[in-house]
Asker: 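Just passing along the structure, written as structure tokens.
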Amino acid sequence: MHRLGLNKLPIHLLLILGSVAMVLPFFWMVSTSLKTPLEALRFPPTWFPSSPQFQNYVEVFRQIPLWRYMGNTLLVTFATLAGVLVTGLFAAYAFARFRFFGREVLFMVFLALMMIPLPVYLVPSYMILFRLGWIDTYLAMIVPWVVNIFGIFLLRQHFRQLPQDLFDAARIDGCSRFSTLFHVVIPLSKAPLVTIAVFNVIGSWNSFFWPLIVTHSDTIRPLQVGLAYFSREQSTNYTLLMAATTMAIVPLVLLFFVAQKQIIQSQARSGLKE
Amino acid sequence: MTYGVSRLSSRSHLRETLSAYFYLLPAVLVLAVFRILPIVLSVRVSLYDWGMAGARAFVGFGNYLAVLQDPVFWKSLLNTGWYMALEVPATLVLSLVIAVLLNQKIRALGVYRTIYYLPVVTSIVAVSVVWRWILHPDRGLLNYVLSWVGLHGLRWLQDPRGLIQLVVGDTTNQLPYALRGPSVALCSLVMMGVWKGLGYNIVIFLAGLQNIPGTYYEAARIDGATRFRLFRSITWPLISPTTYYVLIMSSIVAFEAFAQVWIMTGPPAGGPLSTTKVVMYYFYENSFELWRLGYGASIAFFAFLIILGLTIFQRTVLERRVHYG
């Protein structure tokens, strides 16, 4: 059934045209990454490299510690995610299922904090991290981000919708509040937990502004900051630059192809929430 | 809302309160140290001429006054304004059109959705590096493709001329800056921003469209409604909450544009002739390149006021037009 009843052939033509525009930059990135420097600068350009230079990819590893960057990013991404899930589950559980003094006020404060733009707390956060001696350490990239307020909001909405009978039954069976969280609430919350995990992994893998400011040394830098600096140093060497860029996006693109249904659904879901 | 046993003694209420605080402690602690304390400190920093090595002198509202009298600040604000004014509507319209096309029960929906979503998962850093190469004035793919249709192409990221200036043909810079329009370089950043963010908004719109019951369309079609009429009277009002969400999200993303400026423009970044120097970049430049922390903090507060104003505007003016269920 057509929703608006448009003819399908022109629709496909339009969509294919758009798809080409979407994919072309990626194709061009890979194509350039396999050219010789001379071929990359030829004009008019060639669509495919005349003899693919796979050694460009080896050369990148000789110029920058790419494995190190990736390791740093992985560490930061998963440590942050672990923190977000722990703080989020506990906070949302308390907000949704406990009656306590100051609950509404505290929740409003949380929501209000979500509205504060990054620049307002960036400079003093830097000072605090400096005082703690955390500048240029992993802690500086992880600890300030282990609370995801939007995640707490999503989980709280979900927890509130769980039927009270479940909690009563768990209590009659002798479950404490703590074990109810683990044995009843968490198993029923897979969808919002996956949503939060997806958001967080993509977010920390790609984050740039914060790590740019709190890291100084090459050994601690995450992938995106390493790539950005490499792009400044190699602003004319496009073959190496494109090889490095390709490698910087491949892990997340692979993850996307494996889990695309989950990723797209969770994004769509988050948009539908009021 | 129900909270277990209906009548709680004040003692068990106290116990519940205490254990709730215990559950909230990790989140509250982190937020207190890295959000609330910084906001308070930020006020203090903004009142000082605060340099890098802790050298500081109290200046009261001096920084705020200086920011207000700083032509580069106003220029960066205008640049951000242009950026938002171009990117937000362009993304909104394009993603809505594509989402409507994808909602026709067509084949290969999953394939299209994946392709359009690909730029969303790739980092803004990687994307900026690739686009700088595509927009290269002499070797770039875009100018090559344009040459097929006989167009000359532009020096995309190096061209400081405003769009209005280009159209009017005034190359002597006689127009005041605000009347020259967004520079070609800034428009290039917008172009990439639209490409990057389209997929996210398509997915959100598609979810909204698929929530509209098909029976509405059937009923209207029996009544002889035209395609335009179907869109105008059913689709548009029923996806207005989604449109509202997309509008707010893409406004914030556009306001916070930073990495593309750092990577694609310059050197010095923000060029040519500071026409791509957006508020976020100007804040960064003052705080972390020039280490004028007090001045940077004042810029941050003006940025905050603007975001607050935008949000209040969107809440009060636009939300009244939103049609919920």
Side-chain angles (χ1 to χ4, degrees), chain A residues 1-6 8 11 14-15 18-19 22-23 25 28-29 32 41 43-45 87 90-91 93-94 98-101 113 116-117 119-121 123-125 128 144 146-147 164 167 177 202 206 208-209 213 224 227-228 231 238 241 245 248-249 252-253 256 260 264 267-268 271-272, chain B residues 2-4 16-17 20 23-24 26-27 30-31 34-35 38-39 41-42 45 98 101 103-106 112-119 121-123 125-126 129-130 133-134 138-139 141 144 200 203-204 207 214 217 227 230-231 242 245 258-259 263 283 287-288 293 296-297 300 303-304 307:
Chain A
M1 181 201 67
H2 312 205
R3 289 282 163 107
L4 283 172
L6 303 172
K8 281 184 186 170
I11 291 180
L14 280 172
L15 288 172
S19 303
M22 287 290 132
V23 171
W28 199 239
M29 169 186 76
T32 308
L41 294 179
F43 202 87
T87 61
F90 283 115
Y93 188 47
F98 285 59
R99 188 160 61 171
F100 60 91
F101 176 76
L113 286 179
I116 309 287
V120 173
Y121 53 91
V123 171
S125 295
I128 291 168
V146 295
V147 178
Q164 179 59 32
F167 293 86
R177 279 216 158 87
I202 296 179
N206 290 337
F208 174 64
F209 202 176
I213 286 157
Q224 305 305 335
L227 177 66
S231 84
Y238 281 100
L241 213 45
T245 310
I249 67 170
L252 214 56
V253 169
F256 174 57
Q260 56 165 311
I264 288 179
Q267 302 275 16
L272 290 176
Chain B
T2 45
Y3 290 94
E16 194 167 347
T17 298
Y23 280 76
L24 285 164
V30 174
L31 289 178
F34 291 105
R35 293 286 173 96
I39 292 166
L41 281 176
S42 206
V45 173
I98 295 171
L101 294 182
N103 196 34
Q104 307 293 309
K105 288 276 152 78
I106 54 160
Y112 285 124
R113 208 170 45 182
T114 305
I115 289 174
Y116 283 100
Y117 203 76
L118 205 52
V121 288
T122 45
S123 78
V125 174
V129 173
V130 173
W133 171 226
I134 290 169
D138 310 315
R139 321 276 179 202
L141 183 64
Y144 173 58
Y200 176 79
V203 164
I204 303 285
Y217 291 103
R227 247 180 244 161
L230 290 181
F231 182 82
T242 313
Y245 175 83
F258 170 78
I263 292 161
F283 158 76
S287 302
F288 296 102
L293 298 180
F304 171 58
I307 289 197

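Just so we're on the same page: letters track the sequence lines, and every chain starts at 1.
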Asker: What distance separates Ser19(A) OG from Ile115(B) CD1, expressed to the nearest 0.5 Å?
Answerer: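 Here the interatomic distance stands at 4.5 Å.
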
Asker: Using the side-chain contact (heavy atoms from CB on, under 4.5 Å) rule, take Ser42(B) and Tyr121(A) through it: C-alpha gap first, then chi angles, then the decisive distance, then the call.
Answerer: CA-CA 7 Å; Ser42(B) 206; Tyr121(A) 53 91; over 6 Å; no

Asker: At their closest point, which heavy atom of Asp138(B) faces which heavy atom of Phe43(A), and how far apart are they?
Answerer: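 Looks like O-CD1, 3.0 Å.
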
Asker: If I compare all heavy atoms of Ala94(A) with all of Leu24(B), which pair ends up nearest, and what's the gap?
Answerer: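 Looking at all heavy atoms of both residues, the closest pair is CB-CG, 3.9 Å.
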
Asker: Looking at Leu252(A), Thr32(A), Val23(A), Ile202(A), which one has more heavy-atom pairs under 4.5 Å with chain B than the rest?
Answerer: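 Heavy-atom pairs under 4.5 Å are most numerous for Thr32(A).
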
Asker: Which residues pass the side-chain contact (heavy atoms from CB on, under 4.5 Å) test with Ser123(B), sequence neighbours left out?
Answerer: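 By the side-chain contact (heavy atoms from CB on, under 4.5 Å) rule, Ser123(B) matches Asn206(A), Gln224(A), Val125(B), Ala126(B).
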
Asker: Given a strict heavy-atom distance threshold of 4.5 Å, which part of Ala228(A) is in contact with chain B: side chain, backbone, both, or neither?
Answerer: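 Both backbone and side chain of Ala228(A) come within 4.5 Å of chain B.
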
Asker: With respect to chain B, which residue among Val253(A), Ile116(A), Val146(A) yields the maximal number of heavy-atom pairs within a distance under 4.5 Å?
Answerer: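 Highest number of heavy-atom pairs under 4.5 Å: Ile116(A).
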
Asker: So which heavy atom on Ile307(B) is nearest to which on Pro117(A), and how close?
Answerer: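 Nearest pair, atom of Ile307(B) first, then Pro117(A): CD1-CB, 3.6 Å.
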
Asker: What part of Phe304(B) gets closer than 4.5 Å to chain A, counting heavy atoms only: side chain, backbone, both or neither?
Answerer: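 Its backbone and side chain both get close to chain A.
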
Asker: Would you mind checking which part of Leu113(A) comes under 4.5 Å of any heavy atom in chain B, side chain (CB onward), backbone (N, CA, C, O), both or neither?
Answerer: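 Leu113(A) touches chain B through backbone and side-chain heavy atoms alike.
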
Asker: Give, for atom CZ of Phe98(A) and atom OG1 of Thr17(B), the distance between the pair rounded to the nearest 0.5 Å.
Answerer: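 Interatomic distance, Phe98(A) CZ to Thr17(B) OG1, rounded to 0.5 Å: 10.0 Å.
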
Asker: Quick one: side-chain contact (heavy atoms from CB on, under 4.5 Å) partners of Ile213(A), sequence neighbours excluded?
Answerer: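 Ile213(A) satisfies side-chain contact (heavy atoms from CB on, under 4.5 Å) with Leu122(A), Tyr126(A), Phe209(A), Tyr284(B), Phe288(B) only.
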
Asker: Most heavy-atom pairs under 4.5 angstrom with chain A, which of Val45(B), Leu293(B), Leu141(B)?
Answerer: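 Top option by heavy-atom pairs under 4.5 Å: Leu141(B).
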
Asker: Closest approach of Arg99(A) and Glu16(B), non-hydrogen atoms and distance?
Answerer: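 What the structure gives for the nearest pair is N-OE2, 2.8 Å.
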
Asker: Taking Tyr238(A), Tyr93(A), Phe256(A), Phe167(A) one by one, which has the highest count of heavy-atom pairs under 4.5 Å against chain B?
Answerer: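 When all of Tyr238(A), Tyr93(A), Phe256(A), Phe167(A) are compared, Tyr238(A) has the most.
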
Asker: Heavy atoms only, distances under 4.5 angstrom: which of Ala248(A), Pro25(A), Ser231(A) has the most pairs with chain B? Name it, please.
Answerer: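 Ranked by heavy-atom pairs under 4.5 Å with chain B, first place is Pro25(A).
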
Asker: About how many Å separate CG of Leu101(B) and CG of Leu14(A), when rounded to the nearest 0.5 Å?
Answerer: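 Atom-to-atom, Leu14(A):CG and Leu101(B):CG are 6.0 Å apart.
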
Asker: If you apply the rule side-chain contact (heavy atoms from CB on, under 4.5 Å), what do you find for Tyr117(B) with Ile264(A), and how did you get there?
Answerer: CA-CA 8 Å; Tyr117(B) 203 76; Ile264(A) 288 179; 4.2 Å; yes

Asker: Given a strict heavy-atom distance threshold of 4.5 Å, which part of Tyr144(B) is in contact with chain A: side chain, backbone, both, or neither?
Answerer: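 Both parts, backbone and side chain.
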
Asker: Determine yes or no for a side-chain-to-main-chain donor-acceptor pair under 3.5 angstrom, with Tyr116(B) supplying the side chain and Leu15(A) the backbone.
Answerer: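 Such a contact is found between Tyr116(B) side chain and Leu15(A) backbone.
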
Asker: Check each atom of Val203(B) against the heavy atoms of chain A and say whether the ones under 4.5 Å are side chain, backbone, both or neither.
Answerer: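 For Val203(B), heavy atoms of backbone and side chain both lie under 4.5 Å from chain A.
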
Asker: Quick check on Ile128(A) against chain B: is it the side chain, the backbone, both or neither that has a heavy atom closer than 4.5 Å?
Answerer: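 Interface part for Ile128(A): side chain.
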
Asker: Looking only at heavy atoms, which two atoms of Ala27(B) and Ala91(A) are closest? And how far apart?
Answerer: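 Ala27(B) and Ala91(A) have their closest heavy atoms at CB-CB, 4.1 Å.
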
Asker: Identify which part of Phe101(A) has an atom lying under 4.5 Å from any heavy atom of chain B, answering side chain, backbone, both or neither.
Answerer: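 Looking at Phe101(A), backbone and side chain both touch chain B.
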
Asker: Which answer fits Ile249(A), side chain, backbone, both or neither, if we ask what part of it has an atom under 4.5 Å from a heavy atom of chain B?
Answerer: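 Side chain only.
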
Asker: Using side chain to side chain contact (heavy atoms under 4.5 Å, CB included) as the criterion, point out the one residue from Thr122(B), Val130(B), Val129(B) that pairs with Met29(A).
Answerer: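 Only one option passes, and that is Val130(B).
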
Asker: Does Tyr23(B) form a side-chain contact (heavy atoms from CB on, under 4.5 Å) with Arg177(A)? I'd like the steps, not just the answer.
Answerer: CA-CA 11 Å; Tyr23(B) 280 76; Arg177(A) 279 216 158 87; 4.0 Å; yes

Asker: Mind listing the closest non-hydrogen atom pair of Ser125(A) and Phe34(B) along with its distance?
Answerer: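 Result for this residue pair: OG-O, 3.7 Å.
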
Asker: Which of the residues Pro119(B), Gly296(B), Pro26(B) is involved in the greatest number of heavy-atom pairs with chain A at under 4.5 angstrom?
Answerer: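 The candidate making the most pairs under 4.5 Å is Pro119(B).
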
Asker: Let's test your reading of the structure: which of Ala300(B), Ser287(B), Ala20(B) forms the most heavy-atom pairs below 4.5 Å with chain A?
Answerer: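 Heavy-atom pair counts peak at Ala20(B).
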
